[in-house]
Engineer: 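Would you mind keeping the following structure in view while I ask a few things?
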Amino acid sequence: MTLTLILTLFSGGSFIIYGISSFFSKKMKLEYERWEYSEQRILIGTLQFLGGLGLFLGFYFEPLIPLSSASLLLLMLAAIGVRIKIKDKPLKILPAFFYAAINFLILINSAF
């Protein structure tokens, strides 16, 4: 099993779970309020879910992997920006940075 495959499975699964939790989790609803994005919660959760699903479907239709990883990378770069804007501590920014890096690696390894 290659590193890119492991990263793709990990990221895809994580974003599917994270997207679903954006719909139903009270904790996530509070986080979206803290980030001042409660009105965009369903949209962002849907994009996360679709990005994760796209990574999995990319095993059957390869062009979806770079498209999905690029989309998730952009979402995570925006998340980093939001967390900097609200002055979150670096430890709170780390997960978004981690997932941005993972999806960057997936993108680079799948597009070239």
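Because the structure is a prediction, the values reported are computed rather than measured. This chain uses plain numbering: 1 for the first residue, then up along the sequence.
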Engineer: Identify the heavy atoms of Phe23 and Lys29 that sit nearest to each other, and give their distance.
Structural biologist: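 Closest approach of Phe23 to Lys29: O-CE, 3.8 Å.
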Engineer: Is the Tyr99 ring parallel, tilted or perpendicular to the Phe10 ring (thresholds 30°, 60°)?
Structural biologist: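 Plane angle under 30°, so parallel.
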Engineer: Could you see if Leu30 belongs to whatever hydrophobic cluster contains Ile42? Use Ile, Leu, Val, Met, Phe, Trp, Tyr and a side-chain cutoff under 4.5 Å.
Structural biologist: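 No; Ile42 is not reachable from Leu30 via cluster members.
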Engineer: Quick one: pull up OG1 in Thr46 and CD1 in Ile20 and give me the separation to the nearest 0.5 Å.
Structural biologist: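 Between Thr46 OG1 and Ile20 CD1, I get 10.5 Å after rounding to 0.5 Å.
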Engineer: Let me check something: do Tyr18 and Phe24 share a hydrophobic cluster, defined by ILVMFWY side-chain heavy atoms less than 4.5 Å apart, either directly or through other members?
Structural biologist: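 Cluster IDs for Tyr18 and Phe24 differ.
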Engineer: Does atom CZ of Phe97 have more than 12 heavy-atom neighbours from other groups under 6.0 Å away?
Structural biologist: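 Check fails, neighbour count at 12 or below.
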Engineer: State the OH-CH2 distance between Tyr32 and Trp35, to the nearest 0.5 angstrom.
Structural biologist: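 Between Tyr32 OH and Trp35 CH2, I get 5.5 Å after rounding to 0.5 Å.
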Engineer: When rounded to the nearest 0.5 angstrom, what distance separates CG in Asn103 from CZ in Phe15?
Structural biologist: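 The distance works out to 5.5 Å.
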Engineer: When clusters are formed by joining ILVMFWY residues with side-chain heavy atoms under 4.5 Å apart, either directly or through shared neighbours, do Ile44 and Leu72 land in the same one?
Structural biologist: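 No, Ile44 does not connect to Leu72 through the hydrophobic network.
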Engineer: Starting at OG1 of Thr8, measure out to CG of Leu107 and round the result to the nearest 0.5 Å.
Structural biologist: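 Nearest 0.5 Å value for the OG1-CG distance: 10.5 Å.
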Engineer: So with a 6.0 Å cut-off around CD of Glu62, is the heavy-atom count from everything else above 12?
Structural biologist: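 No.
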Engineer: Do Leu67 and Ile102 share a hydrophobic cluster, counting only Ile, Leu, Val, Met, Phe, Trp and Tyr and linking them when any side-chain heavy atoms are less than 4.5 Å apart?
Structural biologist: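 Linked within one cluster.
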Engineer: Please report the interatomic distance CD1(Ile106) to OG(Ser11), rounded to the nearest 0.5 Å.
Structural biologist: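 Rounded to the nearest 0.5 Å, the CD1-OG separation comes out at 4.5 Å.
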Engineer: Using 0.5 Å steps for rounding, measure from the CD1 atom of Ile17 to the OG atom of Ser22.
Structural biologist: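 Those atoms lie 12.0 Å apart.
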Engineer: Shortest non-hydrogen contact from Ala96 to Met76?
Structural biologist: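 Here Ala96 and Met76 meet closest at O-CB, 3.6 Å.
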Engineer: What's the shortest heavy-atom distance between Leu73 and Ala100, and which atoms?
Structural biologist: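 Where Leu73 meets Ala100 most closely, the heavy atoms are CD1-O, 3.3 Å.
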Engineer: Sequence neighbours left out, what pairs pass salt bridge (Lys or Arg N to Asp or Glu O under 4.0 Å) with at least one residue falling in residues 84-103?
Structural biologist: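 Salt bridge (Lys or Arg N to Asp or Glu O under 4.0 Å) check on residues 84-103 returns Arg34-Asp88, Arg83-Asp88.
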Engineer: Spell out, yes or no, whether Tyr37 and Leu75 are grouped together once hydrophobic residues are joined by side-chain heavy atoms under 4.5 Å, including indirect joins.
Structural biologist: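 In one cluster: no.
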Engineer: Side-chain donor-acceptor pairs under 3.5 Å in residues 51-61, sequence neighbours left out?
Structural biologist:
none

Engineer: With side chain to side chain contact (heavy atoms under 4.5 Å, CB included) as the test, pick out the partner of Leu9 among Ile6, Leu5, Leu7.
Structural biologist: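 So the option named by the test is Leu5.
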